[in-house]
**Student:** 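Supplied in structure tokens, the structure appears directly below.
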Amino acid sequence: MELVQRVARETDPRVWTLTTAACGLGGLVLVVQRIRCHWNAKRKIERAKERRAESLQRAEQAVSRYKDANPNMDSSLILSLSLSELTEQLQEGSLIPEDVFHSYMEKALHVNKSLNCCTGALMESLDQLETIGSSKDGLLYGVPVSIKDNFGYKNHDSSCGLIKHLEQPAEKDCVIVEVLKRQGAIPFVKTNIPQGLMSYDCSNPIYGQSVNPHNPQKTPGGSSGGEGGLIGAGGSILGIGTDIGGSIRIPSSFCGICGLKATGGRLSSRGIASGLPGQKSVCASAGPMAQDVDSLALCMQALLCDHMFSLDPTVPPLPFNMEIYQSSEPLRIGYYVNDDYTEPSPSVARAITEVKALLERAGHTLVPYCPPRVSQVINALAVKGTLADGCSTLLDNLKGGPVDSTLAAQVFFYRPCNMVKKILSLLIRPLFPRIADTLDALRGVGSIPNLWKLHTIIEDYMHEAIAEWRRCNIDVLLCPMIGPAYNFDYCGKLTSAVSLTLIYNLLNFPAGVVTVSTVTAEDEEKLRHYKGNYQDPWDKLFKQAVAGGEGLPVGVQCVALPWQDELCLRFMKEVEQLVKQKRR
Ligand SMILES: *[C@@H]1O[C@H](CO)[C@@H](O)[C@H](O)[C@H]1NC(C)=O
């Protein structure tokens, strides 16, 4: 204060007045900028909603025009077919792509009204229908496909639920969309995601919250949550999502469908928007979502073609190995129920035990196996790796607009500077060691040498897990999944539960989900005694999050070694069939 007064006394009063005026002006400019930014964000959101409503209206008109002109179309028959039945009938000509397309468009628009799972109808699909005859040989000839918001589709935003990505339409289709089209598929809607793809919920300030098709009080999961909801409700027969911590598998489990996170790098990611571009510690990956495993396999077969390998030569040119997918040799199967970090819900634990028994009865051998030291590596490697920049990219993504309420709790811990994170982590360590670990990991790595060290440790860890896998001499692995679907507003507070899925992104093993059961009254009763491995606030939240789940779908996870996507699918198919037979 004294210093200021002295400076004031000794400075020319004119300079003083000028400085004060400049500061005042600067402040005013800042305030005006803030208001303008806020206003711009609001306008951008309004325009995005208008675009969505307009595309919806045009799609509705197209459907009703088509139905008027073709009163004999049997939509309910079309919608009841599995993907393999549908492709067969399309190929032999007993069904036409126009009928299939309009049936699914109508159903998707209808489903969207209650689930809010679509972010836009792709009206270009109508033009594609006109020339679809030229892709008659395609493996997905005439099949409508839904795509997650972040897949580049020419002239449409890949918003990732972020205001700053609005009004920046893609210049061209991403590689996967291009290949799907070449195979005769017709991308027809884009589907909802959480803000910045940084949650396993499905809500953002632009398009709002999506809802679970089995229970409107529950989230569909995320981040490929719009896909999960739409497919789970029968509004799409095949969808495509991305997964960096469970984003395909979680909505598949929550919505009662199946989904495959392929080995990272097996499918092209060119043209797919990410919440963490350039992040190389933990592998993100695309993959299909559908009602049955055969559909996932067909989609993989369609994508793994020369066209993809030439559009994106960085993808290893490994075509789909049908022999492995169709083989029926007995398998050696690893299994675990608890990774010592996230104890699964009673319904999921029961599902693992039941599926294990079915597999044994079918002649397979089951051996205990769990990736080593999950409770350590999940924070020290996986969380630290994905947020190696100390969360700055994620926070940057959120600039220029409101933060979704579902992310509030999560972002609250991203924001503090590293010093504060460290102090908080030290303070809570005696009481809540794993929350302390997570907070510590949120500080990131700090320097490039540290990042390289982390990458070395991750590589060593992969080989440690593989060595243990070899020692147990297993082909595939059966393990728990997050589920059943959560009540709203828990995902953001309960980031720990992704350990069950994130571990296979860290290891870059292909991993899929098969729905095998539904929550029983007995499971709900057992949940009342759920304690968790740590008995900390996260374990308590988990119990509340999955409560009230009776009747909801229950999934298990199936895993294989890197590049063994076909073996993973074969195992998933085996599980699916055994469960189906048992129901009969
Ligand atoms: C989907 O449903 C929401 C909520 O009912 C609606 O606002 C939106 O316009 C619909 N969008 C599309 C493309 O179907």
Side-chain angles (χ1 to χ4, degrees), residues 42-67 75 79 101-129 144-161 163 165-167 169-170 177 186-195 201-241 251 255 402 404-406 488:
K42 241 181 96 176
R43 283 292 302 139
K44 268 189 168 179
I45 293 178
E46 276 164 19
R47 286 196 296 265
K49 282 187 176 152
E50 277 162 23
R51 277 195 300 277
R52 168 161 87 155
E54 193 201 307
S55 77
L56 165 85
Q57 211 182 359
R58 283 176 53 205
E60 264 172 356
Q61 284 162 357
V63 168
S64 69
R65 257 199 319 269
Y66 189 82
K67 281 178 68 178
S75 291
L79 296 173
F101 174 84
H102 288 94
S103 300
Y104 268 101
M105 185 61 102
E106 183 183 26
K107 180 78 179 179
L109 295 175
H110 176 72
V111 160
N112 172 66
K113 287 205 173 92
S114 49
L115 304 185
N116 189 33
C117 48
C118 297
T119 62
L122 298 168
M123 296 314 290
E124 294 84 342
S125 47
L126 286 170
D127 305 332
Q128 210 195 326
L129 262 183
V145 175
S146 48
I147 57 174
K148 186 177 177 179
D149 161 278
N150 60 333
F151 283 74
Y153 189 99
K154 191 176 173 187
N155 292 335
H156 287 259
D157 284 337
S158 301
S159 77
C160 301
I163 287 128
H165 284 182
L166 288 176
E167 297 175 9
V177 164
I186 306 173
F188 74 124
V189 286
K190 273 197 152 192
T191 55
N192 204 22
I193 64 291
Q195 188 173 23
D201 204 332
C202 193
S203 175
N204 62 67
I206 306 164
Y207 303 114
Q209 169 87 53
S210 297
V211 172
N212 191 289
H214 301 279
N215 179 343
Q217 304 305 318
K218 301 270 178 179
T219 170
S223 64
S224 315
E227 283 302 325
L230 184 64
I231 298 167
S236 167
I237 195 159
L238 179 64
I240 186 113
C255 299
D404 197 83
S405 66
T406 54
F488 289 118

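Ligands are counted one by one from 1 in listed order, and the atoms in each one are counted from 1 as well.
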**Student:** Is any N or O atom of S55, backbone or side chain, closer than 3.5 Å to an N or O atom of ligand 1?
**Tutor:**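 It does not: no N or O of S55 is found under 3.5 Å from an N or O of ligand 1.
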**Student:** Which pair of heavy atoms, one from K148 and one from E227, lies closest together, and at what distance?
**Tutor:**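 Heavy atoms of K148 and E227 come nearest at N-OE2, 3.3 Å.
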**Student:** Residue-level breakdown please: for K113 versus ligand 1, do any non-hydrogen atoms fall below 4.0 Å on the side chain, on the backbone, on both, or on neither?
**Tutor:**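 K113 to ligand 1: backbone contact only, side chain stays beyond 4.0 Å.
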**Student:** To which protein heavy atom is atom 7 (O) of ligand 1 closest, and what is the distance rounded to 0.1 Å?
**Tutor:**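 Nearest protein contact, heavy atoms only, for atom 7 (O) of ligand 1 is R52 NH2, 3.5 Å.
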**Student:** Begin with the C-alpha distance, continue with both residues' side-chain angles, and end with the deciding distance and a verdict on side chain to side chain contact (heavy atoms under 4.5 Å, CB included) for V111 and S236.
**Tutor:** CA-CA 10 Å; V111 160; S236 167; over 6 Å; no
**Student:** Among N204, N116, N112, find the one that has a side-chain hydrogen bond (donor to acceptor under 3.5 Å, both in side chains) with N192.
**Tutor:**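 Of N204, N116, N112, side-chain hydrogen bond (donor to acceptor under 3.5 Å, both in side chains) with N192 is met by N204 alone.
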**Student:** Does R43 pair with E46 as a salt bridge, N-O distance under 4.0 Å?
**Tutor:**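 Salt bridge between R43 and E46, a charged N being under 4.0 Å from a carboxylate O: yes.
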**Student:** Inspect the contact between K67 and E106 and indicate whether a charged nitrogen and a carboxylate oxygen are less than 4.0 angstrom apart.
**Tutor:**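 Result for this pair is yes, salt bridge flagged.
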**Student:** Can you report which non-hydrogen protein atom sits closest to atom 12 (C) of ligand 1, along with the distance?
**Tutor:**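 Result: N112 ND2, 3.2 Å.
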**Student:** Give the atoms of ligand 1, by number and element, whose distance to some non-hydrogen atom of N116 is under 4.0 Å.
**Tutor:**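 This gives 2 (O), 3 (C), 4 (C) as the contact atoms.
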**Student:** Pull out every atom of ligand 1 sitting under 4.0 Å from any heavy atom of G120, numbered as shown with elements.
**Tutor:**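 Contacts of ligand 1 toward G120, numbered from 1: 13 (C).
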